Undergrad: 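Sharing a structure with you now.
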Amino acid sequence: MDESSSLDKRPSHDPAHRPGPAPAAEMRASDAERDRYAEILREAMAEGRLTAEEHGQRIDAVYAAKTVGELQPLVRDLPGVHGVPAPPAPSVSFDKEPRTSDDGRPPARQFSRQLVAVFSGINRKGRWNVPERVDGFMMFGGFDLDLTEAVFEHREITLNMVAVFGGADIKLPENVTVRGHGVGIFGGFDIDEHESDDPNAPVVNITGFALFGGVSAKRRKSRAKKLAERAERHAEKAALKWEKHAERWGRGGV
C-alpha cells in the first residue's frame, strides 16, 4: 500500500478541523439566568408594559426554556430591570465552576429574592441559599418552598408572601424558630409557630396576607435526616437479628 495514501487517511490534528464551542444562543440556560429574565418580566408588569396574562405566559416560557436563545426573545421588546438593557447572552467560558463545596456536597444554588407566580407555579427545593428577605406574589398560582435542606446565610430571614387566589406551601427545618405575622382575608394564614431551644437557631419570620388564598408553613424533617433515621432503624434490626442468631448457636441450635 502506498505510504502517502495511508497517511492521508489519518485523522487531522489541525485545530481548524476541531469542533468549536456552541454559539452563545445554544448554551444551556442556568437557574440564575432564568431568574434574571423573570425579574425583567416582573418589572415590566409592574410598569404596565405587560398584562397579567402576558406576564404569566412569558414566565411559563422562561422557566421552560432550556437555552439562552429561547430566553432572549421573551424580553426583546422590553427594557431591563430599572432601565438597564436586558442581559446579553453570556460569553463562552471554558472555566468550570466547582461541582462540590468544601464539605463535598454540591454547592448551594442562588435564586432571586423576588418570586412571582401568575397562572403558574414556582418550586424551590434541595440545597439553595436563602436570602435575608424573600418577597413572593402569587395570583392564580402557587409556591412550593422547601427550606429543609437550604443554607441559611443570615441569622434572621423574612418570607413575605402575598397570595391572591393562590397559595404557598412552605416547608421548614425542625431546628428553626418560626414566627408568623400574616393575615388571612377570606383565606388562611396557617403558620406552625415554634421557638427553638437553641438560642443560635435561625429565625424565620413569615409575613404578608392571603386574599381568597392560603399560606401554610410547617416544620419538616430534611431528606438527609429521614435517610439517616431509616439507616439507623435498619442497623438496629440487623443487630437484633444477629443477636438472635448468636443466642441460637450458643444453645447448639441450627
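All residue numbers refer to positions in the sequence shown, counting from 1. Note that the coordinates shown come from a computational prediction; the quantities given were computed from them, not determined experimentally.
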Undergrad: In Å, rounded to the nearest 0.5 Å, how long is the span from CE of Met161 to CZ of Phe189?
TA: 8.0 Å
Undergrad: Using modelled atom types and a 3.5 Å cut-off, is there a donor and acceptor pairing between side-chain atoms of Trp128 and backbone atoms of Leu147?
TA: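 Here the side-chain-to-backbone pair does not exist.
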Undergrad: Is there a side-chain contact between Phe209 and Val162, using heavy atoms and a 4.5 Å cut-off?
TA: yes
Undergrad: Nearest 0.5 angstrom please: Tyr63 OH to Tyr37 OH, how far?
TA: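 Rounded to the nearest 0.5 Å, the OH-OH separation comes out at 13.0 Å.
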Undergrad: Which heavy atom in Leu71 sits nearest to a heavy atom in Ala65, and how many Å separate them?
TA: CD2-CB, 3.6 Å
Undergrad: Just by modelled atom types, is the Glu174 backbone N or O under 3.5 Å from a matching donor or acceptor in the Arg219 side chain?
TA: yes
Undergrad: Would you find a donor on one side and an acceptor on the other, under 3.5 Å apart, between the side chain of Arg113 and the backbone of Val134?
TA: no
Undergrad: Between Arg58 (side chain) and Leu41 (backbone), is there a donor-acceptor pair under 3.5 Å?
TA: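 Checking the backbone N and O of Leu41 against the side chain of Arg58, no donor-acceptor pair under 3.5 Å is found.
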Undergrad: According to salt bridge (Lys or Arg N to Asp or Glu O under 4.0 Å), does anything in residues 193-203 pair up with another residue at least two apart or in another chain? List the pairs.
TA: Arg179-Glu195
Undergrad: May I have all residue pairs that pass salt bridge (Lys or Arg N to Asp or Glu O under 4.0 Å) and include part of residues 158-172, sequence neighbours excluded?
TA: Asp144-Lys171, Asp169-Lys171
Undergrad: Minimum heavy-atom separation for Val176 and His194, please, with both atom names.
TA: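 Scanning both residues completely, I find the closest heavy atoms to be O-CD2, 3.2 Å.
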Undergrad: Do Val118 and Phe137 come close enough that some side-chain heavy atom pair is under 4.5 Å?
TA: yes
Undergrad: Rounded to the nearest 0.5 Å, how far apart are CD of Gln114 and CZ of Arg133?
TA: 9.5 Å
Undergrad: Quick one: pull up CG in Asn123 and CZ in Phe143 and give me the separation to the nearest 0.5 Å.
TA: 11.5 Å
Undergrad: Quick check: is Leu145 connected to Val203 through a chain of hydrophobic side chains (ILVMFWY, heavy atoms under 4.5 Å apart)?
TA: no
Undergrad: Do side-chain atoms of Glu54 reach the backbone of Leu50 as a donor and acceptor pair under 3.5 angstrom?
TA: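 Such a contact is absent between Glu54 side chain and Leu50 backbone.
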Undergrad: Kindly determine whether Leu74 and Gln72 satisfy side-chain contact (heavy atoms from CB on, under 4.5 Å), including the steps that lead there.
TA: CA-CA 5 Å; Leu74 300 173; Gln72 292 171 335; over 6 Å; no
Undergrad: How many angstroms lie between CD in Glu33 and CE in Met27, if you round to the nearest 0.5 Å?
TA: 8.5 Å
Undergrad: Give a yes or no answer on whether the side chain of Arg34 reaches the backbone of Ala64 with a donor-acceptor pair at less than 3.5 Å.
TA: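 No, Arg34 side chain to Ala64 backbone: no donor-acceptor pair under 3.5 Å.
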Undergrad: The test is side-chain contact (heavy atoms from CB on, under 4.5 Å); show your working for Asp192 and Val178 and say whether it passes.
TA: CA-CA 7 Å; Asp192 180 18; Val178 186; 5.9 Å; no
Undergrad: Using every non-hydrogen atom in the two residues, find where Leu172 and Thr148 come nearest and quote the distance to one decimal.
TA: O-CG2, 3.8 Å
Undergrad: If you define the side chain from C-beta out and look only at heavy atoms, does anything of Pro173 sit under 4.5 Å from Phe152?
TA: yes
Undergrad: Any donor-acceptor pair under 3.5 Å linking the side chain of Thr177 with the backbone of Ser196?
TA: yes
Undergrad: For salt bridge (Lys or Arg N to Asp or Glu O under 4.0 Å), just list the numbers for Arg49 and Asp77, CA-CA rounded to whole Å, side-chain angles, deciding distance to a tenth of an Å, and then say yes or no.
TA: CA-CA 10 Å; Arg49 301 178 190 274; Asp77 58 344; over 6 Å; no
Undergrad: Can you measure from OG (Ser120) to CD1 (Ile59) and round to the nearest 0.5 angstrom?
TA: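 These two atoms lie 6.5 Å from each other.
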Undergrad: What pair of heavy atoms forms the shortest contact from Ala201 to Asn175, and how long is it?
TA: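 For Ala201 versus Asn175, the nearest heavy atoms are CB-O, 3.2 Å.
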Undergrad: Between Ala150 and Val130, what is the shortest heavy-atom contact and its length?
TA: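 Where Ala150 meets Val130 most closely, the heavy atoms are CB-CG2, 3.5 Å.
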Undergrad: Pick one: which of Asn160, Ile191, Thr158 meets side-chain contact (heavy atoms from CB on, under 4.5 Å) with Ile206?
TA: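 Of the listed options, the one satisfying the test is Ile191.
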Undergrad: Does a side-chain heavy-atom distance below 4.5 Å link Leu159 with Asn205?
TA: no
Undergrad: Would you check if Leu115 and Arg124 make a side-chain contact, meaning some heavy-atom pair closer than 4.5 Å?
TA: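 Yes, their side chains come closer than 4.5 Å.
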Undergrad: Indicate the atoms forming the closest heavy-atom contact of Ile157 with Pro131, along with that distance.
TA: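 Shortest heavy-atom contact: CG2-O, 3.6 Å.
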